[in-house]
Amino acid sequence: MTSTPAFMDEPQARDEICRVGRSLFERGYVHATAGNISVRLADGYLITPTDACLGTLQPERLARLDTQGQQVAGDLASKTITLHRQIYEASASTAAPARCVIHTHSTHLVACSLQADTAAGGQLIPDAQLLPPITPYFVMKVGRVPHIPYHRPGDAAAAALVAQTIGRYAAKGSPVRAVMLARLGPNVWHDTPAAAMAVLEELEETARLWMLCQPRPTPLTEPQIEELRQSFGAHW
């Protein structure tokens, strides 16, 4: 079990959310008003406002919520705070606890999801995963990515299913740092906005490789994955 990461102080968290949001927007990981970022504080949450462009966020306008998820300041909070709070709570006792959650509609990840969900006739199996372990850095930096069946954006049932999935994987000794909402986009988490962004970058790059390779690449073997576990502490 890893040590519990410290909470960011609020001024730093506000600045980092805006910096990371701008970086993601300028590099094409998000577009228009898609996507959101939140940070868990010692006494509540910060989250990007609803319908906000991540490229033009202002620190003082971020939504501030208390520990119960009630808004106390800032512009109207994104509706995805329900999902983010479930991720914070479900991951808290795992080896991959969340202090920041990022959600995007990144192109290659959504393309992978569209392909897989279509192939499954819209009926993804309970243990569906978005991508196989095709590169060592995907295994080391991201890990398994459960593919959550389609729900409308903001559906509380999706949030509950994500929380159950986090708990199920942790119980199997394979804690996750990301889930993919079918036909919508990934949610990734880590200690800070910068660290969560790095998870997203590795995940989107892996999806891009998967989409580019024809025929599809074979996954790493179990002995190769075990070597990554032993050498780098990978969770797979």
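Each residue takes its place number in the sequence, starting with 1.
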For Phe138 together with Trp236, are the ring centres under 6.0 Å from each other? yes
Please determine whether a side-chain nitrogen of the Lys or Arg among Lys79 and Asp155 lies less than 4.0 Å from a carboxylate oxygen of the Asp or Glu. no
Evaluate the criterion salt bridge (charged side-chain N to carboxylate O under 4.0 Å, His left out) for residue pair Arg14 and Glu10; output intermediate values, then yes/no. CA-CA 6 Å; Arg14 287 179 180 273; Glu10 186 169 337; 2.9 Å; yes
Please indicate whether Glu60 has more than 12 foreign heavy atoms, meaning atoms of other residues, nucleotides or ligands, lying under 6.0 Å from its CD. yes
His108 vs Glu204, test: side-chain hydrogen bond (donor to acceptor under 3.5 Å, both in side chains). Steps then yes/no. CA-CA 6 Å; His108 295 91; Glu204 170 67 3; 2.8 Å; yes
NZ/NE/NH1/NH2 to OD/OE distance under 4.0 Å, Glu205 and Lys141: no
Once you measure the plane-to-plane angle for Tyr88 and Tyr45, does it fall in the parallel (<30°), tilted (30-60°) or perpendicular (>60°) bin? tilted
Is the shortest distance from a Lys or Arg side-chain nitrogen in Asp117 or Arg183 to a carboxylate oxygen in the other one below 4.0 Å? yes
Given salt bridge (charged side-chain N to carboxylate O under 4.0 Å, His left out), test Glu89 with Arg40 step by step and report yes or no. CA-CA 10 Å; Glu89 293 171 12; Arg40 177 72 166 95; over 6 Å; no
Is it the case that over 12 heavy atoms from other parts of the model lie below 6.0 angstrom from the CZ atom of Arg64? yes
Once you round to the nearest 0.5 Å, how far does OG1 of Thr206 lie from OH of Tyr137? 12.5 Å
Ring of Tyr169, cation from Lys172 - is the NZ or CZ under 6.0 Å from the centre and inside 45° of the axis? yes
Glu227 CD: over 12 foreign heavy atoms closer than 6.0 Å: no
Does atom CZ (Phe7) have a neighbourhood of more than 12 heavy atoms from anything else shown, all under 6.0 Å? yes
